[in-house]
Amino acid sequence: MKNLLMLVVALLTTTMLFAATQTPEAKGKEYAKRSVLLILEEDYDEAEAMGEQMGEYMLSLNDESLEIFLDAYFKGLYYYCEYYGLGKDVAELFLESFAGALLGESYVL
């Protein structure tokens, strides 16, 4: 039993260290995939919670890291929308909504 507990602690520690050391590019791709999956699942509560997490993460980045993150996120949205059969149009609608939320409702791509 003690060995099982130690294994669980080791796995949790490794997971937390990996999450803390992810690059902005990796985080952008991860958030893009989660966004698309939440669209498919129509889980709007989780999408809102993820949006708040993503906003906090973005605020923690410097300008260069933020640019890398957003570039990976945008490219990831297109990729995962295509991968899951949603298409380019859904990706563009999502990005317009994202930009509107980020920059104000009057922004149009």
Any side-chain heavy-atom pair of E92 and Y78 under 4.5 Å: yes

Drop me the distance from [X]'s [atom1] to [Y]'s [atom2], to the nearest 0.5 angstrom.
X   : Y   : atom1 : atom2 : answer
L93 : L77 : CG    : CG    : 12.0 Å
K29 : T23 : NZ    : OG1   : 7.5 Å
D43 : E48 : CG    : CD    : 11.0 Å
L66 : Y73 : CG    : OH    : 13.0 Å

Atom CD of E46: over 12 foreign heavy atoms under 6.0 Å: yes

For residues 51-63, run the donor-acceptor check on the side chains, cut-off 3.5 Å, and write out each pair with its distance to 0.1 Å, sequence neighbours left out.
{"residue": "S60", "atom": "OG", "partner": "Y57", "partner atom": "O", "Å": "2.6"}
{"residue": "N62", "atom": "OD1", "partner": "E64", "partner atom": "N", "Å": "3.2"}
{"residue": "N62", "atom": "OD1", "partner": "S65", "partner atom": "N", "Å": "2.7"}
{"residue": "N62", "atom": "OD1", "partner": "S65", "partner atom": "OG", "Å": "3.1"}

Between side-chain atoms of residues 80-90 and protein atoms elsewhere (two or more places apart, or another chain), which donor-acceptor pairs fall under 3.5 Å?
{"residue": "E82", "atom": "OE2", "partner": "K88", "partner atom": "N", "Å": "3.0"}

Aromatic plane relationship, Y31 with F69 - under 30° parallel, 30 to 60° tilted, over 60° perpendicular: perpendicular

L38 to M50 - nearest heavy-atom pair and separation: CD1-SD, 4.1 Å

